[in-house]
Amino acid sequence: EYTGRTIKVLSDDAVLINQHAFVQGRMSVLKVSRGTGRSDDDPCDEVEKAEFRSAVGNLHWVTSQTRVDQAVSTSRFQKRQNNPTWGDYKALANVQNYMKRTHDLGITVKRMEKPVIACWTDSSLYGSQGDALSDDDMKGYEKHQIYSQGGCLLGLPVSYTHLTLP
């Protein structure tokens, strides 16, 4: 156990990193009363807002470390932190319940024969078209450049990397 993460050796060339203890212990599920008659558009009261913010913080910690499968949900909840609705509150409780049921999922990292570095930015560092690296910069590697919303993703062939996500 290290800073809320468990690192388990699976074999000579693989480790599993997860946060099952954090999810099972620290991450409590929001209480949602059934049959309240509240509309999903009703704003949360001050206590519910505080609970929502705390729950989003816990979810962010887990998704930023080992559970990238919930990154999109976390991002959506973060945008709603200042003015969550009852529907947001219930949706967050559903994600928390899912995380509890799947607490043992994480990231499996395997040894790489030829480790590489890939970089990504969601805003263009070198203008909207990006700049390809020179052949000298990439000697010995294939290079691929992919553009997304004006940003650039530099990736190397999948055969070089081994990463299993939930």
(message) Are Tyr89 and Pro84 packed together at the side-chain level, in the sense that at least one heavy-atom pair is separated by less than 4.5 angstrom?
(response)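 No, side chains not in contact.
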
(request) Kindly indicate whether the side chain of Met99, heavy atoms from C-beta on, has any atom under 4.5 Å from the side chain of Val62. (result)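 Heavy-atom side-chain distance check passes, below 4.5 Å.
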
(message) According to a hydrophobic-cluster definition based on side-chain heavy atoms being under 4.5 Å apart (Ile, Leu, Val, Met, Phe, Trp, Tyr only), do Val109 and Leu16 belong together?
(response)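 Val109 and Leu16: separate clusters.
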
(message) In this structure, would Ile17 and Val9 fall into the same cluster of hydrophobic residues linked by side-chain contacts under 4.5 Å?
(response)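 Linked within one cluster.
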
N/O donor-acceptor pairs under 3.5 Å from side chains in residues 21-33, not counting sequence neighbours:
none

(message) Rounded to the nearest 0.5 Å, what separates atom CG in Leu105 from atom CG in Asp69?
(response)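 The CG atom of Leu105 sits 7.0 Å away from the CG atom of Asp69.
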
(request) Please round to the nearest 0.5 Å and tell me the distance separating atom OG1 of Thr66 and atom NE2 of His20. (result)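 One gets 10.0 Å once the value is rounded to the nearest 0.5 Å.
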
Side-chain donor/acceptor of [X] to backbone N/O of [Y], under 3.5 Å:
X     : Y     : answer
Ser64 : Trp61 : yes
Ser75 : Ala71 : no
Thr74 : Gln70 : yes

Closest approach of [X] and [Y], non-hydrogen atoms and distance?
X      : Y      : value
Lys49  : Cys44  : CE-O, 3.7 Å
Thr108 : Leu10  : CG2-CD1, 3.9 Å
Lys110 : Ala14  : CG-CB, 3.9 Å
Asp45  : Val47  : OD1-N, 3.1 Å
Asn18  : Asp104 : ND2-O, 3.2 Å
Ala55  : Leu92  : CB-CD2, 3.6 Å

(request) Using the side chain to side chain donor-acceptor pair (under 3.5 Å) rule, collect all pairs that involve residues 78-88, keeping only residues at least two apart or in two chains. (result)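 Found Arg80-Asp88, Thr85-Asp88.
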
Sequence neighbours left out, what passes side chain to side chain donor-acceptor pair (under 3.5 Å) with [X]? Give chain and number order.
X     : result
Ser11 : Asp13
Glu48 : Arg38
Asn58 : none

(message) Can you see whether Arg5 engages Gln65 through a side-chain donor-acceptor pair at a distance of less than 3.5 angstrom?
(response)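 Gln65 and Arg5 do have a side-chain donor-acceptor pair below 3.5 Å.
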
(message) Taking salt bridge (Lys or Arg N to Asp or Glu O under 4.0 Å) as the definition, give me every residue that meets it alongside Lys100, ordered by chain and number, with sequence neighbours left out.
(response)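 Counting only residues at least two positions away or on another chain, Lys100 forms no salt bridge (Lys or Arg N to Asp or Glu O under 4.0 Å).
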
(message) Please determine whether the number of non-hydrogen atoms from other residues, nucleotides or ligands lying under 6.0 Å from atom NZ of Lys90 exceeds 12.
(response)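 Counting neighbours around NZ of Lys90, more than 12 heavy atoms of other residues, nucleotides or ligands fall under 6.0 Å, so yes.
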
